[in-house]
Amino acid sequence: MKSIVVLISGSGSNLQAIIDACSSGFIPGRISAVISNKASAYGLVRANEAGLSTQVLSHKAYQDRDKYDMALVDAIDQHQPDLVVLAGFMRILTPAFVQHYHGRLLNIHPSLLPKYQGLNTHQRAIDNNDSEHGCSVHFVTEQLDGGPVILQAKVPVFSDDDAQTLAERVHEQEHRIYPLVVRWFCQNRLQQQADQAMLDGNVLAANGYANDDDDE
């Protein structure tokens with residue numbers, strides 16, 4: 001079974017989805033550790049309740065981003081992970097960190113990339129009168145929210161939406177597609193080659209959307 005380390009900063013709802021998928025056998029892997037840069041992250045409670053190893057590594061204890069990321073690499077590598085999953089880890093990663101985990105570092109972003117890289121994606125979609133919004137799972141590269149997209153899911157944007165209601169709709173899809181992508185990786189079906197994501201040896205289209213058959 002693949003060894004997975006999950007990095008979090010907050011509530012850990014995507015972490016919970018992955019915990020549940022591992023427990024049910026949907027993901028043929030195990031979470032070896034959950035690491036947070038914030039001691040207050042509720043995701044640590046979720047991890048402890050699931051009996052998982054947890055660690056807090058506060059970025060505030062380090063002089064700069066490079067030193068923190070070096071310490072983070074040391075903490076992660078103690079668990080010899082096959083895959084590192086960013087699940088609401090609110091840190092911009094250094095190039096050295098990203099290169100160290102090239103091809104085995106995943107993130108989920110709350111927009112239909114390449115639209116709305118960065119923060120406040122739900123409000124930006126509303127402000128631009130978008131008819132649809134969504135989320136993207138992608139390999140992490142040195143470009144912020146710019147790595148090869150693996151899978152996306154769309155949701156409608158309604159006229160009475162605010163950022164909170166739209167976020168809730170997007171979160172439902174995040175919890176569906178992130179475990180699926182982790183499953184693909186743990187099945188040795190998913191790889192990163194240069195600037196492309198490959199599934200079963202085929203290049204994934206950047207606008208590939210999830211459907212009900214994707215978990216087959």
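Because the structure is a prediction, the values reported are computed rather than measured. Only this structure's heavy atoms are used, side chains among them; waters, hydrogens and symmetry mates stay out.
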Note: Asn37 and His59 closest approach over all heavy atoms is ND2-ND1, 3.1 Å
Nearest heavy-atom pair of Leu204 and Val149: which atoms, and what distance? CB-O, 4.4 Å
Is there a side-chain contact between [X] and [Y] (heavy atoms, below 4.5 Å)?
X	Y	result
Val84	Val140	no
His100	Asp69	no
Val34	Ile19	no

Sort and list the pairs that fulfil salt bridge (charged side-chain N to carboxylate O under 4.0 Å, His left out) and have at least one residue in residues 41-64, not counting sequence neighbours.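 Listed once each, the pairs are Asp64-Lys67.
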How would you list, by chain and number, every residue that makes a ring-ring contact (aromatic ring centres under 6.0 Å, His included) with His109, sequence neighbours excluded? none
With distance as the sole test, does [X] use its side chain to make a donor-acceptor pair with the main-chain N or O of [Y] at under 3.5 Å?
X	Y	value
Asp82	Ser3	yes
Arg30	Met1	no
Gln196	Val203	no

When you compare the side chains of Asp20 and Gln16, does any donor N or O come within less than 3.5 Å of an acceptor on the partner? yes
What class does the angle between the rings of Phe89 and Tyr68 fall in, given that below 30° is parallel, 30 to 60° is tilted and above 60° is perpendicular? parallel
